[in-house]
Structure formats: C-alpha cells, structure tokens
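Just below is one structure, and these are the notes that go with it.
We count ligands from 1, going down the list as the structure has it; atoms in each ligand are counted the same way. Numbers here are sequence positions counted from 1.
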Amino acid sequence: MAATQFDLVADFLGLNDELRQRTKWPKRLITVTVPIRHDDGSVKVYFGHRVQHHLTRGPVKGGLRYHPKVDLGEVAALAMWMNWKCALMDLPYGGGKGGITCDPRTMSMGELERLTRRYTMEMIPFIGDDIDIMAPDMGTNEQTMAWIVDTYSTHAGRLIPGIVTGKPLSLQGSAGRTQATGHGVAFLACRALNKLGIKLTEATAVVQGFGNVGSHAAYGLANSGLKVTGISDVSGAIWNPAGIDTRKLRDHVVLRGSITGFTEADPIDPAALLCQPCDILVPAATDMTITAENAPHLKCKVLAEGANGPTTPEADKVIDARGDIFLIPDILCNAGGVTVSYFEWVQNLQRFQWTEREVLTKLETMLETAFARVLVFAERNKLSNRMAAQSLAVKMVADVKAQRGLFP
Ligand code: NAD
C-alpha cells in the first residue's frame, strides 16, 4: 500500500526514474536475532528489525513496535510513512521504524527488559542521537524507552537522553508529549471547521477510540466548545446528543478500564456510531475502519484521521467522489506526536526543558503552517487533501536528494 501510494504521487510529480528509485527504496534494512533468557531458564531467539528509510534530511525518527505480527515488510512500510510525515512537518528527519516479533502481553517485565536491552545492544552500530532516534509504538512505552536510554548510555559511558523520545519526564522527556497527538487532532479539526464557516460552539464531534489519541482529541474538542456526542472503544460505543462529559468519562475509564457502563450516555452500536450525524468524525483507534461499505453513509463534515491509515483506498475514492467531506489526512492530522518528539529531542540536545505551554504553542504554529501549505497545494493542483499532503512530502525529499546530488 505504501509503495502503491508512492507510485501515484511520483506519477503526479513527474519524478524521473533516477529520483523515483532513490526516493522510494529504504536506505538501510536491518534484521537482528535477539536471544534472551526467559524466567523459566529457557532461551528463546526473537527477530528484531529496524528500517531507516533515508538519511538525506537528517537522522531517522520512528517508533519501536512489539507485536506478534511484526515483519520486515510492515516495518519498511511504516518507515516510509514516517518519512513523509516528518517531511510534511518540515522536521529535519528521515523516517524510521523498528519492531520485534513477540507478544509482549505474555512476557514478564524482566523478559521485556532483557529483550529491549539486547535489541538495543544489537542496534548500537546503527543508531545514535544524530543517526536514528526511536520512540514508543504499539506494545512499547515510557519504560521501554528508559531501558534503551540506560543501555545506550551505559555503553557510551555518559547519559545520552536524545537516543529516544517518549521518555518519562524524570528522564528528560518533554512536557506535553502525552497529549500532543490528540491535541493536534483537535486543533486541526477546529481549523477545518473555521474554514467551513461552522461555529465551534454549535458543532458536534464523534470520536472512535478512547486511548491516548482519542481521549486527548475528545478533551481538546470539548475544551474548544464542541459537544462530543459519541465515543467508542474496543468494548463498545456510547451516545448522548446533549454532549458527553469527557473528564467524567476519563474518571470512569480509570476506574472501570473501559467506557462500558458509563451512565451519562446510552449504548449504541459501534458501527452505527461512525454514521451518526456530526460535524467532526475522528477515527482514533485502528487502521481500516472507514471502508467502501460505511463511507457512503458517513454524515460528518470533517474527517480528522487521528489513527494511522484509518481510511482504506476504496473508501478514499468514495469520499473523493462525494466531495462533501473535508478530510484531514493522517500524516498531517496525527503529526502532533512526532512534532513534540522532535521538540523533546531538541530540548535534550539543548539540555533545557520547555514548559507545556511553550511546547503546545510551538506545536500549534507548526501544524497551522503545514495545514495551510496542504490546503493551498490541494486547491492549486485540484487534488484531494491526502494526495496534496503526500505530494508535498515526497517532493520535499526528492528535491533535497536532487540538490545534494549523487555520491560518488
Ligand atoms: P491506544 O492503544 O492508547 O488506544 C487505542 C484505543 O482504540 C483504545 O481506546 C481501544 O479500546 C480503542 N479501540 C481498539 N479497537 C477498537 C475498535 N474496533 N473500535 C473502537 N475502538 C477501538 O492507542 P493510541 O496511541 O491512541 O493510537 C491510536 C491510533 O493513533 C493508532 O492508529 C496509532 O498508530 C495512531 N497514532 C498514535 C500516536 C500517539 O502519539 N499515540 C501518534 C500518531 C498516530
């Protein structure tokens, strides 16, 4: 899918064959074996990957994923998408991604720690705070990042916090990182409403997913004056046309583990929730939730893609043909996370911590700039917002490759 998208964009940009090949293929694909001792004394060998899509515009940046389905192809596609996201936001990074094929839910903390430390050790020849900077992704978290900092720094003989982002605050993580992605989604969705001339205080929103991205998007939308009328998570969906109190829902989820049983809203079928009338629909759960089947029935005015790849290519065609939905594509809409990761890295290099207000203000400025560039490019070239965002990103990378020339 990533390669097909790239080819479409390269055709539109008219990239010559040389630049097309140099921009498409990853610079480095690294696969290592990661042997660790399990708690029962047995030794198991895991496979770990890291793909560095390109290093033309700076070090690569991207998450580390622990999941049974991780393979080199998936990691390569995710690295390519990270590459376009960083370019679109004008961050001085290429895209990267890593993963270990494992099931973290069945492993103890000790096993996960040994897995992380050994993987980091195997990656030492290929990473560095000016080469490749990892971050949390599915199945990894702040603790995983803390182990990577410790392993890398112990090897180097000094603390190098900039080797990863998404660290705990106590280990020079950044203020604002936790809410960054959802905050950015809400910010851009409100900008889209402004553009459509819809008053925020008269608008409604539906959010699919109430994890990191979905919950912070919901708080951000509610703080901006919108009514959040529907929310879902993996356990089900709830609906209240008068608006759901998102903070009360958060307290309920902390206590009960899911949104089920929240008494201030009615249960609703999760599939039907996506097709309820609303101004903003935020898919912030998994990929491929907006499909050719439900796309004709969506009743939103703005589709703000909080998740990565929530809309299938077939659904995209339906949305393009309808022409009545303003789509904010994932590489722009959820770029708040990687942008604040970039801020974390800059703070680490400066040895200077910014306040949450500074972080979020800088984030909004960068999102605003990227949003405006995408809209102007889309209007000028009669493109969908997705195609415009991808084209701008690929062009940025291809242009730098052309300027740098070919070694030797
Ligand atoms: P998360 O694990 O914190 O939350 C996921 C939420 O989705 C949970 O509430 C879960 O219950 C819900 N969910 C799962 N399946 C569902 C379904 N079928 N229907 C409704 N809800 C369902 O994950 P997250 O960090 O919030 O990430 C969500 C998406 O955003 C992913 O696609 C991720 O790749 C993307 N993303 C996350 C970040 C970030 O900073 N966390 C940055 C960019 C993109």
How about [atom]: does it have a protein heavy atom within less than 4.0 Å?
atom                    : result
atom 40 (O) of ligand 1 : yes
atom 13 (N) of ligand 1 : yes
atom 21 (N) of ligand 1 : yes

### Query
Around atom CE of Met288, are there more than 12 heavy atoms of other residues, nucleotides or ligands at under 6.0 Å?
no
Structural part of [X] in contact with ligand 1, heavy atom criterion under 4.0 angstrom:
X      : result
Ala284 : backbone
Gln208 : side chain
Arg177 : side chain

### Query
So do Asp320 and Leu327 actually touch side chain to side chain, heavy atoms under 4.5 Å?
no
If you measure from the Lys or Arg side-chain nitrogens to the Asp or Glu carboxylate oxygens, is any gap between [X] and [Y] under 4.0 Å?
X      : Y      : answer
Asp324 : Lys299 : no
Glu379 : Lys195 : yes
Glu264 : Lys248 : yes

Could you tell me which atoms of ligand 1, counted from 1 in the order shown, lie closer than 4.0 angstrom to a heavy atom of [X]?
X      : result
Ala307 : 29 (C), 30 (O), 32 (O), 35 (C)
Thr286 : 15 (N)
Gly306 : 30 (O), 35 (C), 44 (C)
Ser232 : 20 (C)

Given [options], which has its nearest heavy atom closest to [atom]?
atom                    : options                : answer
atom 24 (P) of ligand 1 : Val213, Leu78, Thr181  : Val213
atom 28 (C) of ligand 1 : Gly211, Gly209, Ala285 : Ala285
atom 33 (C) of ligand 1 : Asn308, Asn141, Asp330 : Asn308

### Task
Pick out which of Thr144, Thr140, Thr116, Asp137 makes a side-chain hydrogen bond (donor to acceptor under 3.5 Å, both in side chains) with Tyr66.
Thr116
### Message
Would Gly337 count as a polar contact of ligand 1, with the cut-off being nitrogen or oxygen pairs under 3.5 Å?
### Response
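Not met; the criterion fails.
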### Query
Short N/O distance, under 3.5 Å, between Asn212 and ligand 1?
yes
### Residue and atom name of the nearest protein heavy atom (relative to atom 10 (C) of ligand 1), distance in Å to one decimal
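Result for atom 10 (C) of ligand 1: Val234 N, 3.9 Å.
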### Query
Using 30° and 60° as the class limits, which term best fits the ring planes of Phe6 and Trp84: parallel, tilted or perpendicular?
parallel
### Message
Can you classify the ring geometry of Tyr219 versus His216 as parallel (below 30°), tilted (30 to 60°) or perpendicular (above 60°)?
### Response
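Ring orientation, 0 to 90° scale: perpendicular.
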### Message
Under the salt bridge (Lys or Arg N to Asp or Glu O under 4.0 Å) test against Asp132, which residue among Lys27, Arg50, Arg28 passes?
### Response
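It is Arg50; the other options fail the test.
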### Query
Are any side-chain N or O atoms of Glu305 and backbone N or O atoms of Asp330, one a donor and one an acceptor, separated by less than 3.5 Å?
yes
